[in-house]
Amino acid sequence: MTIPVFLCDDNVTLLSYYKRIIENSIIINDYDMELIMSTTDPADILLYLKKKQITNSLFFLDIDLRYKTDGIEVAQTIRNKNEFAQIVFITSHQELALESIKHQVAPLDFIVKGDDDEKKQIELILKKNHQLTFNDQSSNVRRHLVFKLGSREIRVDINSVYFLETSTTPHKIVLYGKNMMYEFYGKMNEIEHEYPELIRVHKSFLINPIQINSVDFRNRIICFPEEYSCTFPLVKMKLVKSLI
């Protein structure tokens with residue numbers, strides 16, 4: 001599975017610069033990625049997504065697009081079409097209220113135009129995204145949760161997992177973690193047995209205790225980073241209390 005990469009910036013000079021960085025990094029490091037599109041018009045990306053369904057994609061989006069829609073609105077549309085998309089915002093406004101954006105589309109990262117580390121940051125994002133998806137040998141030092149997406153084996157650092165839940169799609173599981181979300185075929189009982197780090201707090205939820213942010217015991221809600229949460233029944237109250 002090749003990770004499709006998309007780039008959108010309405011500044012032609014910067015678009016060419018970012019394109020060169022991305023393509024060179026992919027070639028030099030032999031990443032299983034492809035820059036599908038680099039464009040100044042976000043409508044090109046939205047039209048492509050309308051015609052083709054993709055997963056595990058990576059988007060570099062300029063926030064300050066001079067079109068009817070800005071980068072945030074484009075990102076929201078992308079997120080609605082592909083909940084697993086990884087989105088990186090490019091901005092020239094360092095003072096922008098980044099937290100408010102995070103609540104809307106949970107971006108993977110931000111790149112500030114003109115920053116001295118701009119090139120290195122793009123290269124690092126590509127590297128981390130590739131490692132996250134394909135588990136390069138350099139990331140093998142930690143225990144990983146392993147599952148299949150099609151014919152590809154995905155390995156996720158167990159420490160970066162927030163929780164797993166049964167999907168509305170029969171026989172599928174949804175994994176929520178740091179800057180990631182995956183849906184794959186699997187059985188909760190088997191995962192619970194294989195990964196004792198994950199605790200069953202509900203028939204539909206397996207959670208990672210080290211990622212708990214807080215617990216609302218009155219409403220029986222467990223809160224995780226990035227505003228993710230899951231519920232637990234009254235019979236699991238003692239168990240949840242022991243986890244924190």
Side-chain angles (χ1 to χ4, degrees), residues 55-59 72 75-76 78-89 97-110 125 128-129 131-133 135 139 141-147 149 154-169 171-244:
T55 58
N56 291 329
S57 45
L58 177 60
F59 295 83
I72 298 175
Q76 288 174 320
I78 291 171
R79 179 70 75 220
N80 290 335
K81 291 180 178 294
N82 180 6
E83 60 182 347
F84 305 114
Q86 300 286 2
I87 297 170
V88 177
F89 280 130
L98 302 183
E99 287 301 322
S100 64
I101 299 174
K102 287 182 182 179
H103 295 327
Q104 297 180 62
V105 291
L108 176 66
D109 212 334
F110 294 89
I125 289 169
K128 286 185 175 181
N129 190 267
Q131 288 181 345
L132 179 68
T133 306
N135 186 41
S139 64
V141 293
R142 296 185 178 182
R143 180 165 160 79
H144 291 79
L145 191 153
V146 183
F147 54 90
L149 277 182
I154 308 297
R155 300 169 66 85
V156 173
D157 181 356
I158 195 76
N159 291 332
S160 66
V161 174
Y162 298 158
F163 66 93
L164 297 93
E165 72 169 331
T166 53
S167 172
T168 54
T169 304
H171 312 299
K172 278 194 170 186
I173 293 171
V174 181
L175 180 154
Y176 301 90
K178 185 177 180 180
N179 298 317
M180 64 180 167
M181 183 188 299
Y182 291 100
E183 187 174 37
F184 58 93
Y185 285 102
K187 296 180 180 179
M188 293 288 271
N189 289 339
E190 293 180 358
I191 294 177
E192 180 183 14
H193 176 75
E194 188 170 352
Y195 301 96
E197 300 96 327
L198 304 176
I199 307 299
R200 194 74 166 262
V201 296
H202 188 285
K203 66 178 181 179
S204 298
F205 297 112
L206 271 172
I207 72 164
N208 186 354
I210 68 172
Q211 290 289 357
I212 294 175
N213 265 357
S214 62
V215 179
D216 180 344
F217 287 104
R218 167 175 277 186
N219 296 301
R220 299 196 295 277
I221 299 173
I222 303 173
C223 301
F224 299 90
E226 300 178 55
E227 297 195 340
Y228 286 119
S229 64
C230 72
T231 59
F232 62 94
L234 187 60
V235 294
K236 294 291 186 178
M237 181 74 75
K238 186 176 180 179
L239 171 63
V240 173
K241 285 184 177 180
S242 72
L243 298 177
I244 61 171

Enquirer: Test side chain to side chain contact (heavy atoms under 4.5 Å, CB included) on L164 and F205; report intermediate values, then the result.
Expert: CA-CA 6 Å; L164 297 93; F205 297 112; over 6 Å; no

Enquirer: Are the side chains of K236 and H202 in contact, using a 4.5 Å heavy-atom criterion?
Expert: no

Enquirer: Quick check: do N159 and K178 have side-chain heavy atoms less than 4.5 Å from each other?
Expert: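 Of all side-chain heavy-atom pairs linking K178 with N159, none is under 4.5 Å.
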
Enquirer: Is there a side-chain contact between F232 and I207, using heavy atoms and a 4.5 Å cut-off?
Expert: no

Enquirer: Apply side chain to side chain contact (heavy atoms under 4.5 Å, CB included) to residues M188 and I173 and explain how you reach the verdict.
Expert: CA-CA 7 Å; M188 293 288 271; I173 293 171; 3.8 Å; yes

Enquirer: Quick one: do H144 and V156 satisfy side chain to side chain contact (heavy atoms under 4.5 Å, CB included)? Show the steps, please.
Expert: CA-CA 5 Å; H144 291 79; V156 173; 5.6 Å; no

Enquirer: Scan side-chain atoms only and decide if E183 and S167 contain a donor-acceptor pair under the 3.5 Å cut-off.
Expert: yes

Enquirer: Just to verify, which of I210, V146, L198 counts as forming a side-chain contact (heavy atoms from CB on, under 4.5 Å) with I158?
Expert: L198

Enquirer: Looking at F217, I want to see if its CZ is surrounded by more than 12 non-hydrogen atoms of other residues, nucleotides or ligands under 6.0 Å.
Expert: yes

Enquirer: Is the number of heavy atoms from other residues, nucleotides or ligands under 6.0 Å of K187 NZ greater than 12?
Expert: no

Enquirer: Whether the Y162 and E226 side chains hold a donor-acceptor pair (N or O, under 3.5 Å, no angle test) is what I'd like checked.
Expert: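 There is such a pair (donor and acceptor under 3.5 Å, judged by atom type) between the side chains of Y162 and E226.
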
Enquirer: Taking the six-membered ring for Trp, are F224 and F163 closer than 6.0 Å centroid to centroid?
Expert: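 Yes - the distance between ring centres of F224 and F163 falls below the 6.0 Å cut-off.
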
Enquirer: Side chains of Y228 and Q211: do they bring a donor and an acceptor to under 3.5 Å?
Expert: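 Not at all, the side chains of Y228 and Q211 share no donor-acceptor pair under 3.5 Å.
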
Enquirer: Step by step, work out the side chain to side chain contact (heavy atoms under 4.5 Å, CB included) result for L145 and D157.
Expert: CA-CA 6 Å; L145 191 153; D157 181 356; over 6 Å; no

